[in-house]
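Read through the structure below, which is laid out as structure tokens, and then see the notes.
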Amino acid sequence: MTTPAPPATRVSATPEATALIKRLVAQHGPLMFHQSGGCCDGSAPMCFARGEFLLGDADVLLGEIAGQPFYMSRSQFAYWEHTHLLIDAVPGGGGMFSLEGPTGMRFLTRSRLYSDEEWAAIEALGPPPTGGQ
């Protein structure tokens, strides 16, 4: 008997990231993530209390990790759209604006290209909704 393939996703989280997210939710309430485009904190995924980062039509919703929405700028998505993002948590200092900063852990984005089968499933999802919706 074969195991069915998991549903196609644009973003997912490792068990370590999921555990850190749950810890931060317990402390701060609902969260949101935005993939940094490379300014002050490099290209790290930034974690905020939900609503503390102003979203607009220039942002797209890639999906959820551990029940929390994950966004990226539309222009950055144009470069990464063929890539699955895997959010991990590793020891180190987090971004200065990101909630995990004081925990001694930081979120890290790992990426890989989709397989042909995965890409077909992702294309079937259609374009991601904008953050302003």
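The first residue in the sequence is number 1, and the count goes up from there.
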Compile the donor-acceptor pairs under 3.5 Å between side chains in residues 16-27 and protein atoms, sequence neighbours left out, one pair per line.
residue: E16; atom: OE1; partner: T14; partner atom: OG1; Å: 3.4
residue: T18; atom: OG1; partner: T14; partner atom: O; Å: 3.1

Not counting sequence neighbours, which residues clear side chain to side chain contact (heavy atoms under 4.5 Å, CB included) with T109? List them please. Q35, P45, W80, L85, I87
Does L125 reach the side chain of R10, with side-chain heavy atoms less than 4.5 Å apart? yes
Any side-chain heavy atom of L61 within less than 4.5 Å of one from P128? no
Hits for ring pair (Phe, Tyr, Trp, His ring centres under 6.0 Å) against F53, two or more places apart or cross-chain, chain-then-number order -> H34, F48
Identify, with sequence neighbours excluded, every residue that meets side chain to side chain donor-acceptor pair (under 3.5 Å) alongside E118. R112, S115
Side chain to side chain donor-acceptor pair (under 3.5 Å) involving W119 - partner list, sequence neighbours excluded: E123
Within the 4.5 Å heavy-atom criterion, are L62 and F77 side-chain neighbours or not? yes
Residues that S12 engages under side chain to side chain donor-acceptor pair (under 3.5 Å), provided they are two or more places apart: H84
Checking one residue: L54. Which other hydrophobic residues are in its cluster under the side-chain 4.5 Å linking rule? none
For L99 and A49, which heavy atoms make the closest approach, and how far apart are they? CD1-N, 3.3 Å
Side-chain heavy atoms of Y71 within contact of V60, under 4.5 Å: no
Can you check whether C47 reaches F107 side chain to side chain, under 4.5 Å on heavy atoms? yes
Contacts of R50 that satisfy salt bridge (charged side-chain N to carboxylate O under 4.0 Å, His left out) - sequence neighbours left out: none
Mind checking what makes side chain to side chain donor-acceptor pair (under 3.5 Å) contact with E52, not counting sequence neighbours? none
Salt bridge (Lys or Arg N to Asp or Glu O under 4.0 Å): which pairs involve residues 75-89, sequence neighbours left out? D88-R110
Do F33 and Q68 make a side-chain contact, defined as non-hydrogen atoms from C-beta onward lying under 4.5 Å apart? yes
Output the distance between atom NE2 (H82) and atom CG (L113), rounded to the nearest 0.5 Å. 9.0 Å
Side-chain heavy atoms of F97 within contact of M46, under 4.5 Å: yes
